[in-house]
Amino acid sequence: MDLVNDPALDAFRAEIRAFLRANLTDDIRRKVMEGGYLSREAHTRWHKVLQKQGWIAPAWPVEHGGCGWPLAKQYVFEQEFALAYAPRAVIFGVEMVGPLLIEYGSAAQKARYLPGILSGDEWWCQGFSEPGSGSDLASLACRAVRDGDHYMINGTKLWQTAATEADMMFGLFRTDSSGRKQQGITVLLVPMKSKGLSLRPITLLDGGQEVAQCFFDDVRVPVANRVGEENQGWGCAKFLLSIERLGIAEVARSSAMLNRLKGIVEQPDAHGRRLADDPEVANEIAEIEIDLMALEATEYCMLFDPAAGADLGAEASTLKLMGTQVQQRISAATMAAAGPYAQAMASGLDGDNASRIGPDFAEPATRGYFNLRKISIYGGSNEIQKNIVAKAVLGL
Amino acid sequence: MDLVNDPALDAFRAEIRAFLRANLTDDIRRKVMEGGYLSREAHTRWHKVLQKQGWIAPAWPVEHGGCGWPLAKQYVFEQEFALAYAPRAVIFGVEMVGPLLIEYGSAAQKARYLPGILSGDEWWCQGFSEPGSGSDLASLACRAVRDGDHYMINGTKLWQTAATEADMMFGLFRTDSSGRKQQGITVLLVPMKSKGLSLRPITLLDGGQEVAQCFFDDVRVPVANRVGEENQGWGCAKFLLSIERLGIAEVARSSAMLNRLKGIVEQPDAHGRRLADDPEVANEIAEIEIDLMALEATEYCMLFDPAAGADLGAEASTLKLMGTQVQQRISAATMAAAGPYAQAMASGLDGDNASRIGPDFAEPATRGYFNLRKISIYGGSNEIQKNIVAKAVLGL
Amino acid sequence: MSLFRTDDQTQFAESLGRTLAGFGDGAQRRRVRATPAGFAEEHWRALADLGVLGLLVDEAHGGTGGTMADVAVVMDAIGRHLWAGPYLATGVLGALVLAEAAPALRDATLPDLVAGRHRLAFALVEPQARYDLADVTTRARRDGAGWRLDGAKALVAYGEAANTLIVPARTGGGHTEAAGIGVFLVPAKAAGIERRGYGTIDGLRACDVTFEGVKLGAEAAVGDPGGGFDLLDRVVDWGTAALLPEAVGAMTYLYETTLAYLKTRKQFGATLGSFQALQHRMVDVFTQVEFARSMAGVGRLALDAAAAERRREVSAAKLYVDRAARHVAQESIQLHGGMGMTDELDVGHYAKRLTMIGLTFGDRGYHMARYRAARAA
Amino acid sequence: MSLFRTDDQTQFAESLGRTLAGFGDGAQRRRVRATPAGFAEEHWRALADLGVLGLLVDEAHGGTGGTMADVAVVMDAIGRHLWAGPYLATGVLGALVLAEAAPALRDATLPDLVAGRHRLAFALVEPQARYDLADVTTRARRDGAGWRLDGAKALVAYGEAANTLIVPARTGGGHTEAAGIGVFLVPAKAAGIERRGYGTIDGLRACDVTFEGVKLGAEAAVGDPGGGFDLLDRVVDWGTAALLPEAVGAMTYLYETTLAYLKTRKQFGATLGSFQALQHRMVDVFTQVEFARSMAGVGRLALDAAAAERRREVSAAKLYVDRAARHVAQESIQLHGGMGMTDELDVGHYAKRLTMIGLTFGDRGYHMARYRAARAA
């Protein structure tokens, strides 16, 4: 299936492939393939390679240091990276803070923050969810009170990915409680080293600590760190959520994970038997493959239909719904391929092969299965996505 | 799997089997097996055979002409009848009107109506649903106004099974609209020949006309035909609905249909190939079989757990949910077994073999598939059953 | 070809929609389908006038030299309006086969086909064969310069209304071998042919056909009379790819109709559409329809690919669309409640058609095996 | 045996529940499981004092001569409280195998087992074997009157804490043949045995074991040393049937905990439990748990049946319970939202255990094949 039927892009695709072949190191490639946690060191190393190539921010306009590529080129770029198990650029800076500041930021904010994102020297985390505000994001209560030329923040944020590594947070804070809950929300950029800001790393099911809770105790942030107007932050949030939906189908990543699974089941065992010859295993993989074809085609239609508008509508929520299903299904099939060895968990989270029990893929497969339960919960749970479609698309 | 592990019942089981072998004629057996419509003539013929044997009303007390059997005996009886493709007694009289009158009827009503049910000479239909009151039964609006020693009925009832064949209807009518909708409902017994009562048979998806709409235009019914007190009919309705849930899992009927399917897929074709050797077909049948085992065991537990009360609680709704799934799944697999021939529809609804295209089972299988869509809608849709469980069992 | 409609195709779809809507409401269209022919001659002519029959015919033979993307517009409209008639076997399969037929036959027939004066039917199914294209026992034997045909075919859609039958027949080889199969164009009124017609559950008209010593000229064989399996396989893939937009059209109707019902039908003092459990199920229906729509496009694009890729992707698309169709059909009935069970509502009729598309040109088991085989190839 | 608990069993379950609850809250129990032994000696003794170890041991050897229905009460309680320890291999499989062992060994060991002084582990899995019971490459060779054992086993639960290992080994036949397999009772500290321990994702303790020239007495072989496959098959069925109530217990915990969460957690100004879509999904969870409970009973009852029926019904029960367990585990995490993903909540730990039960003693593919084979037998 070759949907991007544009000879002009073939050369570009070849260029990316050559670049990845030459530059992507095995340690990073393998970590991504196994769904493991990439260290900040490895992330930064990769970032510098991309930066040298000028490929940090495919979607940003050229005048802000991005590639300024049209959508089709971004699509191919993302596809090739995923298929090669290349890491994304550090996600929140390039994909969220950059577009946010380019759209809503002051000239000073752009000048101050965009270079650090492009260089990879400044890491960002998101500050949206709170203990009482998960699905119902607009009910957030973490309070920022204006005090002269500062805001004083008190409260807590929950589920901040990479918070322990981040230098800055872009967060939504409650600046007014008198009106509708969507009103009275403000975007602030908070240095993670701020006095009064403390973190509690949260261990997840797979044993990793990719998220944390952030506590704000009289944290002072200059008014200059406000993005947009006071109490107008909900618009920014919606803008960011709509960005977050782009690529949320994770088609190419899923293709790569499925390729890996096919490699695993095609390995003959000691008796020459292959799991791939089990009709149920073969059918399951075929079904996933077909679901993925449908996902890819639908994503393609939504992105490139000339009859549709420039922005992805709420229909894109269906991409997340189906995308998470596919990813979780691949992870379940990969774990199942490990058979009894799925249970063994000898190595630490960053352990190397030497300490693994059973086939190499088994342990990451099991961790991956449990880790990926998150994707139907985070970023707007699948239930919330259905509510969105029901309301915005179906008019219910 | 032999759950009824009681030697005392073995003799009883043998007796039923012998009786069915001796008395169940092939035409009736085949009709039931294929899910076809039994004519009133055939129904009555079978009823008389059962009546002679004294087996019309297994659950009724002996003093009212029933068998007065304990639950375990009724269970075995129902099981053997289903496995042999024997028809049920005409359903509404024996299973609903009888218990209703025994519980709520006056002595005169019992004397007048029970004999006709036992003899099979008087057929009943149910008058519950209305065009505007399906899932929300208590909102029914068909009005009965007291006028001296009569009620005058105006309005309409919908989805009355066997209404065109019935002599009497037991219905719920609105006698008061001032209070809560559950109040102000009254049970009346309405002769179908009443002046002002007319019928519109409704053709269903499979081409049959098993249901009808009933129009009431100044239909006069004597007050003596009221069961229980005026405005107290909702209690009767709930009593009847709880009866209707017993046996609603249709375990034995499903077992019989599954046996039939297994027979079909094990038939070799012209080249000696058997569908049963297709791993997907074999897996599908195995899965249905296993689901059915679970259904049977769960029904058995709910019926016979000595720690539970005498009445089936709202948990029984789960039997309907899973039971309808199993039946619909068997019907889908049977239709699929017909392959391209599932499409052919040469004969009429009561057509005989001679006019069928393709294998004998194909046409009834397709009709059955579409007809059985009803079982997750009628008698309280599966959505309503889930609401019931959520509220009554889960406390949500 | 692309996944997207051109502006011309969008306009074409609109005029088609108007024409099909003009054939009457659901009940009126059902009455037409229940006639012995199964369709109305004047409707056929109206469609021919719109140019639907010449889409796959080159301009030299009076057609417009279009693509399957144009056919998809027609099939989608047919699905939406639940129209039934001999379009698929005439305008799609017939055009395809005739283009490869003996030149004299081709040149004589195609212009009539385009004009609506010549209909074809596809006599594919044999009683014992299920979906196996290589299971052909109908025999074509050399008979002088021509052929002699003996055998039986079943479930030939609109076979009674056809002027020509497309008939795969065995000229050699064992009876489930791919080698030794030829594709023949058989005049429907030739001596020795008997047709026995009947209706189908989804409102089509079909017939069983027997051939007894039917004499055919040499030109009846399309291409290599012993190596026609690839042609047959390709024709069926085109037919399959054409059924998918029909399914998507029918699903779109069901989605829209069911959504409208949820918005108006009240129970418990509120519209059904206000109940969250039903909202989420309706979102699933919407999602299935949209994904099936893309996947029908994938199946269509695959027709231009090499055989293994074509087989793999057409089968993938059929599997996906069939599953979605089954789901949407079942949910549409269920969400309509009792009304969904009635013959008078259109819902059930669309559901039946969708269910039967799932059993036409291969069911799940068939296409899953074919998909896996093509992937391994 | 019946599907229903006796009053005695209900009381037994209550005192078990109190004892297990006394082992601490989720975090405390996890700390115990993370120790090198994977369980606490004093908890083991507390359970032994309750009589759980002697349920399947006859009275002559100090047991109570109970049935698998009694064991099911224990396993259900273990599942509910997510307790982990060497109970299954000791109190169930060990008791079963020892009852058929050489009389002297049996008589010497069983009383210690009942008293909690002797633990067993089941060294079933071989690295290459997946779930195939006949795929045994560990070799037992005649060595004088006794045996010499060489080979390797993997994923031996609580093998480090065991006094005796139950070891299937090949005495003859090709290496996936059922014939030529013996079941051996091997002193865990015998010379030539090495054990390498590790934790499991579901909080158990396991080890890999290698045997190098391990010398065993004649009494080590249980029954016919070349015809032990049936014993092995039966032992695994007992083990499987015992896992099912553990799964049901864990599912019951998840159901209750998730339901309580839905009743308290608020979003959009209402409890989650007031949203109909979540209500309906919770009804599905409830249904799955109740049906799995019945099906676990079916698996248990089948242990007394003839081999083909036992195999068929134990595999059916495993298939059913595993599917339900997977569903309940996934839904419990999903309905808890972000909290369900955390290590600090018990939910995820129950989910992991349920998921791993699904991969113990055979997964879906294995049991589906076994079910179909047993049905055909």
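Letters A, B, ... are given to chains in the order of the sequence lines, protein chains preceding strands, and every chain is numbered from 1. Keep in mind that the numbers below use all heavy atoms, side chains included, and drop hydrogens, waters and symmetry copies.
Neither the backbone nor the side chain of A/Pro359 comes within less than 4.5 Å of any heavy atom of chain D. Using a 4.5 Å cut-off between heavy atoms, D/Arg353 touches chain A through its side chain atoms alone. If you measure heavy-atom distances from A/Leu372 to chain D, you find no contacts under 4.5 Å at all. In this structure, chain D has a heavy atom under 4.5 Å from the side chain of A/Tyr369, while its backbone stays farther away. In this structure, chain D has no heavy atom under 4.5 Å from any part of A/Ala138. Contacts between A/Ile375 and chain D at a heavy-atom distance below 4.5 Å are absent for every atom of the residue. For A/Ser133, the part sitting under 4.5 Å from any heavy atom of chain D is the backbone (N, CA, C, O) and nothing else. In this structure, chain D has a heavy atom under 4.5 Å from the side chain of A/Tyr378, while its backbone stays farther away. Heavy atoms of A/Ala390 lying under 4.5 Å from chain D are absent altogether. For chain A, the nearby part of D/His175 is the side chain; its heavy atoms alone come within less than 4.5 Å. Of the two parts of A/Asn371, only the backbone, made up of N, CA, C and O, holds a non-hydrogen atom closer than 4.5 Å to a non-hydrogen atom of chain D. With a 4.5 Å cut-off on non-hydrogen atoms, D/Leu155 touches chain A through its side chain but not through its backbone. Residue A/Ile202 touches chain D through its side chain alone, counting heavy-atom pairs closer than 4.5 Å.
Side chains of D/Lys352 and A/Thr366 form no contact here, defined as non-hydrogen atoms less than 4.5 Å apart.
The two residues D/Asp132 and A/Arg273 have their closest heavy-atom pair at OD2-NH1, 3.5 Å. Between A/Ala342 and D/Ile201, the shortest heavy-atom contact is O-CG2, 4.1 Å. Shortest non-hydrogen contact noted between D/Tyr131 and A/Gly339 is OH-C, 3.1 Å. Considering all non-hydrogen atoms of both residues, D/Gln334 and A/Asn382 come closest at NE2-N, 4.2 Å. D/Phe268 and A/Lys181 make their closest contact through CD2-NZ, 4.0 Å (heavy atoms, listed as atom of the first residue, atom of the second, distance). Between A/Ala332 and D/Arg326, the closest heavy-atom pair is CB-NH1, 3.7 Å.
Residues of residues 271-285 of chain D lying under 4.5 angstrom from chain A, judged on non-hydrogen atoms, are D/Leu278, D/Arg281 by number. Proximity to chain A among residues 121-128 of chain D is limited to D/Val125, D/Pro127, D/Gln128, judged by heavy-atom separations below 4.5 angstrom. Scanning residues 338-347 of chain D against chain A with a 4.5 Å heavy-atom cutoff picks out D/Gly338, D/Met339, D/Gly340, D/Met341, D/Thr342, D/Asp343, D/Glu344, ordered by number. Using non-hydrogen atoms only and a strict 4.5 Å limit, no part of residues 30-39 of chain D faces chain A.
If you tally non-hydrogen atom pairs under 4.5 Å between each of A/Gly358, A/Ser376, A/Ser139, A/Ser129 and chain D, the highest count goes to A/Ser376. Note: D/Gly337 leads D/Ala329, D/Gly365, D/Gly337, D/Ala369 in heavy-atom pairs under 4.5 Å with chain A. The candidate with the highest count of non-hydrogen atom pairs below 4.5 Å against chain A, out of D/His336, D/Met368, D/Arg364, is D/Arg364. The choice from A/Ala270, A/Ala336, A/Ser381 that makes the most heavy-atom pairs within less than 4.5 Å of chain D is A/Ala336. Of the residues considered (A/Glu284, A/Gln328, A/Lys386, A/Arg200), A/Arg200 shows the highest number of contacts with chain D, using heavy-atom pairs under 4.5 Å.
With a 6.0 Å radius and a threshold of 12 heavy atoms from other residues, nucleotides or ligands, A/Lys391 has its NZ atom at or below the threshold. Counting heavy atoms of neighbouring residues, nucleotides and ligands inside a 6.0 Å radius, atom CD of D/Glu194 does not exceed 12 of them.
Between A/Asp278 and D/Arg130 there is no salt bridge, since no side-chain nitrogen of the basic residue lies less than 4.0 Å from a carboxylate oxygen of the acidic one.
Judged by distance alone, the side chain of A/Gln343 and the main-chain N or O of D/Met356 form no donor-acceptor pair under 3.5 Å.
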